[in-house]
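Beneath this line is the structure, given in structure tokens, with notes to follow.
Naming convention: chains lettered A, B, ... in sequence-line order (proteins, then strands); numbering from 1 in each chain.
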Amino acid sequence: MPESKLMTMVEAVDRFVPDGSEIALGCGLETCIPFSAGHELMRQKKRRLALIGPISDMLFDQLVGAGCADRIRAAWVGNVITGSGYNFRRAVESGAIDVEDHTNLTITMGLRAGAAGVPFMPTLTALGSDLLSTNSQLKEMVCPFTGGPLVAVRAIRPDVAIISVQRAAASGGAHAWGNLGVSREACMASRQVIIVAEEIVPEDTICSDPNRILLPSFRVGAVVHEPWSAHPSPMPGFYNRDHQVFLDYQQASKTPPGFAEWFSRWVVGVASRTEYLDLLGNDRQRQLMITHSAPSVPVDYGY
Amino acid sequence: MPESKLMTMVEAVDRFVPDGSEIALGCGLETCIPFSAGHELMRQKKRRLALIGPISDMLFDQLVGAGCADRIRAAWVGNVITGSGYNFRRAVESGAIDVEDHTNLTITMGLRAGAAGVPFMPTLTALGSDLLSTNSQLKEMVCPFTGGPLVAVRAIRPDVAIISVQRAAASGGAHAWGNLGVSREACMASRQVIIVAEEIVPEDTICSDPNRILLPSFRVGAVVHEPWSAHPSPMPGFYNRDHQVFLDYQQASKTPPGFAEWFSRWVVGVASRTEYLDLLGNDRQRQLMITHSAPSVPVDYGY
Amino acid sequence: MTAYTAAELMVTAAARKIRNGEIVFVGMRLPLLGFLLAKCTHAPRAVGVYELGIVRDNPSPRPILTMGDLPNLYQAAWLADTGDAMALLQQGAVDISFIGGAQIDRYGNLNTTVIRSSNGIRTRLPGSGGACDLACLAGRHMIIMAHEKRRFVARVDYVTSPGFGRGSGWRQQRGLPRGGPAGVITTLGCFSFDPQTREMVLDSVHPDVDLETIQAHTGWPVAVSDRLETTPAPTDEELAILRRFDPDGYWTGPRRTENA
Amino acid sequence: MTAYTAAELMVTAAARKIRNGEIVFVGMRLPLLGFLLAKCTHAPRAVGVYELGIVRDNPSPRPILTMGDLPNLYQAAWLADTGDAMALLQQGAVDISFIGGAQIDRYGNLNTTVIRSSNGIRTRLPGSGGACDLACLAGRHMIIMAHEKRRFVARVDYVTSPGFGRGSGWRQQRGLPRGGPAGVITTLGCFSFDPQTREMVLDSVHPDVDLETIQAHTGWPVAVSDRLETTPAPTDEELAILRRFDPDGYWTGPRRTENA
């Protein structure tokens, strides 16, 4: 029997995310965003985090509003269906946080470099843009073969990645499906990985489909069982996106007092994801659950 | 209804592999080697091919013996369970073929560069080896960030990749499972892809599990329905490795007359894969078929 | 003829830029609808690539508000990594893409990063996302944005997504491998770029908009095509399809949320 | 005590080099068995990484002849790309690996590419495969090979897989980030490398082998450890396990096919 890495979100965040950590989260860009982990980071008053991800829908804006972050390494920070992230805007404008401006492709190449274990990767993007002058992790270089200009992206190696997935075993083996964003690279590039799973399943379920395993379990530090961890973002196989929450947050976060009210109600006003779900209500959850089931046709790994 | 790309192996090879092509095949290294495609290349007397792949078990040796190739871009050419490839050895020693010597990692990085659309990728391997002086596609370079030495691997962009998979739809959507080797990179790096499938299935079967699709079908040129295409290499979900064939081939290929005999019996002595399987015999096929079924637990892509 | 909103006109104009069989990198917001409209009208063989790591060649089974909505994953043609979608782009496999911006200049350079006002106040915007990548690497890209004087400026404060830089030859000099903006669709008209000077040229004005209005909302002297036209209105069929995909008018209705 | 073959002794010696919990990059042939033996004896928590794109943390359900055999994929801990397995290696996540060679020199440099004989005839070998990568990037690597004078040479004809190059400091100078050969297991004895000079040092001779035989089969003056031992024979338990995994003696029996 492999060692169990099951623990609560409180314990996982406490143990694996010290203040000052560089943390990749929201690696699905719009799907499977680990909002529950983000809220626990806020409840534990984590400070000086660097947030890494191409786009983490509105989670980065929430973490900035809660004062957890002093640096963002991202391509886009806002609220996907409404636009600007107001906490982010205020924090940058006041100088409270630094931004390392990436594009989706540069941050992907940076994580791929980290995952591959090389100090940089080259890309053709961002040539001629002002990102080259404001982000020191991007350097123009000459291709050793063609002689043409390229942009070198320095490897990104987060201290920890937090990934919301559909199902995991206690050992850390995990199945993720849907669009994967930069999840695979982020897991392989990070020194530590926290898996947040909708369901805990037997090892055999995970090993029944080894191609769907996100990363080798020896790279996983913690497995947290937390249903609805990604709400209000969607989780393929479980629940749809809760658009209204994004609209409500936009309104709430326009002013600091509005954000404070949202924060006291939805984050510090609940002690855990269970209480959050109680506050959300059963009806709301029922409305979001998938109603059109579409199972995959199995494959055979026999011998 | 999407356009059907179904055609015979004769037609696919005739249409998509002109003499002089750079061709990636055997991308599973030991599994899913497209032997049937290789044998059709030999029957059609293809010439001046460049063969690309880290390790293609003994297929490259066969193609070299048949005179199809004048260049090899690979990490290892032989016969996995017996060692040397005798045709390869003879051809290199006589100067009939050129070898671009790679390691598994350099050829992978070259294909990943081709797949990513960048002109090279850096790696830490091969420093201090003589590969750097004999392979012009590897160049020592200085990291723009760390100042340390690296090896730049020039992008590899095959003209065509031939990939044996378990199941495909007529449109080119294909499911591959098991160890994937460099299949994903090779498909994305190649200008044209030929899919050879054990089974042709409805589009819905493929779309029921989009994470398992090997590459977007708009990149596929041909879909060939050819059961047992990978024999004697193993095909997960279908049949085990036929070790005896590798041992027999080792003996046969030790001398040019031995190889000629093997070639006339197993390649030009049969007009198609169907005739090859008749020659192999039903009993042999039955012995190789998987007997312990191990289906994957399905996942849900509903909404 | 059915009444329509400015956004519906813009989405329709965008959809018409997609040719049948093209590989389309589908951005956030209005382009989502433009791609669906094209698929359902003149470009049924168009394929959509989404930065989340999605490729689709059929429309989603129900309306979506954003590309991560689960119906957009159902029976997708490929679900993979963001890096795989970006690889198609970097290779040159993407024919056309659509991006927006907060500021644009006459050469089609776009800013979605930071605005500096004359009194020294900075306004921070969300950043590039995939916009810079699309502007650098797609075969061509279309720009869709609100036409306001504060947005159509002589020089953008920050080049997030390069257009033609300072004009003719600039992209080649910077090493950009291909592409450049093919046109701009605004709330007032449609522009293309002069093949020589690379400057924005007004090709059509939307119904009920006049040249003076456009000039008044543009921070440089507008170059006008010899063959200036009126932007064709959406057909009833196009509107019906749009409203099927955006039934609540979230993106194309009067209730649309405007954001930089 | 059960009689055993030279290959069984070598595999046993190799298995003992694996520590419990280590990440092992498992090469072709004998190392396949060495890993399985270690898993079933002192290193149950060892994890195997295979260049085909396989990670396993349990033994395969039936004997395999090579790593691509389907039982090696069944209930694997990860089935992925060759690039993913190599990424673990390049990152420095692999603790130990095993490689073979056709020629070796006193600094553990290996040649599996080409032999040049004195009469000018070249013999082409299969090439690196993953051997160069393992020699460059694993935390440490063990070398397993037949001990013959034509193989143990003063200087290899081609450096396929770097050992310690020309001795002390060489790997650092070339920019290799870590590692180096930790030992050599031959058909005659076991060697380690001197921490200062980086030269191969004989630590043990196999039962019934004497020093003179080893020197006679080595193309340079052999350095011998002050604490020279006899290589411990495989235990009955080890032999029983080995024969379970190699029931026909393909790799460890007298019928084993020898190849460069």
query: Highest number of heavy-atom pairs under 4.5 Å with chain B: which of C:Ala77, C:Gly92, C:Gly21?
result: C:Ala77
field: Engaged part of C:Ala76 at the chain B interface, taking heavy atoms whose separation is under 4.5 Å
entry: both
field: B:Tyr301-C:Tyr74 aromatic ring centre distance below 6.0 Å
entry: no
task: Using modelled atom types only, decide if a donor and an acceptor are shared between the side chain of C:Asp194 and the backbone of C:Thr197 within a distance under 3.5 Å.
output: yes
Region of C:Ile23 in contact with chain B, defined by heavy-atom distances below 4.5 Å: side chain
- prompt: Looking just at side-chain N and O atoms, do C:Asn72 and C:Ser60 make a donor-acceptor pair shorter than 3.5 Å?
  reply: no
task: Could you tell me whether the side chain of B:Thr205 and the main chain of B:Val201 form a donor-acceptor pair under 3.5 Å?
output: no
message: I'd like to know if the side chain of B:His225 and the backbone of B:Glu198 have a donor-acceptor N/O pair within less than 3.5 Å.
response: yes
task: Provide the closest heavy-atom pair for B:Val220 versus B:Gly172 in the form atom of the first, atom of the second, distance.
output: CG2-O, 3.5 Å
field: Sidechain-backbone polar pair: C:Asp81 side chain, C:Asp84 backbone, donor-acceptor under 3.5 Å
entry: no
task: Please step through salt bridge (Lys or Arg N to Asp or Glu O under 4.0 Å) for the pair B:Asp159 and B:Arg191, ending with a clear verdict.
output: CA-CA 5 Å; B:Asp159 295 309; B:Arg191 294 177 176 83; 3.7 Å; yes
message: Please classify the contact between B:Arg184 and chain C as side chain, backbone, both or neither, with a heavy-atom cut-off of under 4.5 Å.
response: neither
message: Please classify the contact between C:Asn58 and chain B as side chain, backbone, both or neither, with a heavy-atom cut-off of under 4.5 Å.
response: neither
message: Applying the side-chain hydrogen bond (donor to acceptor under 3.5 Å, both in side chains) criterion to B:Ser171, which one of B:Lys5, B:Glu203, B:Glu3 satisfies it?
response: B:Glu203
- request: Considering only NZ, NE, NH1 and NH2 on the basic side and carboxylate oxygens on the acidic side, decide whether B:Arg73 and B:Glu100 come within less than 4.0 Å.
  value: yes
- prompt: Do you see a donor-acceptor pair shorter than 3.5 Å between the side chains of C:Thr113 and C:Thr160?
  reply: yes
query: Is any NZ, NE, NH1 or NH2 atom of the basic residue among C:Glu238 and C:Arg16 found under 4.0 Å from an Asp or Glu carboxylate oxygen of the other?
result: yes
field: Heavy-atom donor-acceptor pair, C:Arg171 side chain to C:Pro162 backbone, under 3.5 Å
entry: yes
query: Taking the side chain from C:Glu8 and the backbone from C:Leu239, do they hold a donor-acceptor pair closer than 3.5 Å?
result: no
Short side-chain to backbone donor-acceptor contact, C:Thr5 and C:Thr252, under 3.5 Å: yes
- line: Among residues 108-122 of chain B, those lying within the under-4.5 Å heavy-atom range of chain C are B:Gly114, B:Ala115, B:Ala116, B:Gly117, B:Val118
- prompt: What residues of residues 14-24 of chain B sit under 4.5 Å from chain C when you count only heavy atoms?
  reply: none
- request: Please list, in residue-number order, every residue in residues 207-215 of chain B that has a heavy atom less than 4.5 Å from any heavy atom of chain C; write 'none' if there are none.
  value: B:Cys207, B:Pro210, B:Asn211, B:Ile213, B:Leu214, B:Leu215
field: Side-chain donor/acceptor of C:Asn111 to backbone N/O of C:Val159, under 3.5 Å
entry: no
query: With B:Ser164, which of B:Ser36, B:Ser233, B:Ser183, B:Ser229 fulfils side-chain hydrogen bond (donor to acceptor under 3.5 Å, both in side chains)?
result: B:Ser229
task: Indicate yes or no for a side-chain donor-acceptor contact from C:Arg198 to the backbone of C:Phe193 under 3.5 Å, with no hydrogens or angles considered.
output: no
field: Residues in residues 35-56 of chain C near chain B [non-hydrogen atoms, under 4.5 Å]
entry: C:Val47, C:Val55
Atom of C:Ala87, atom of B:Met188 and distance for their closest heavy-atom approach: CB-CE, 4.4 Å
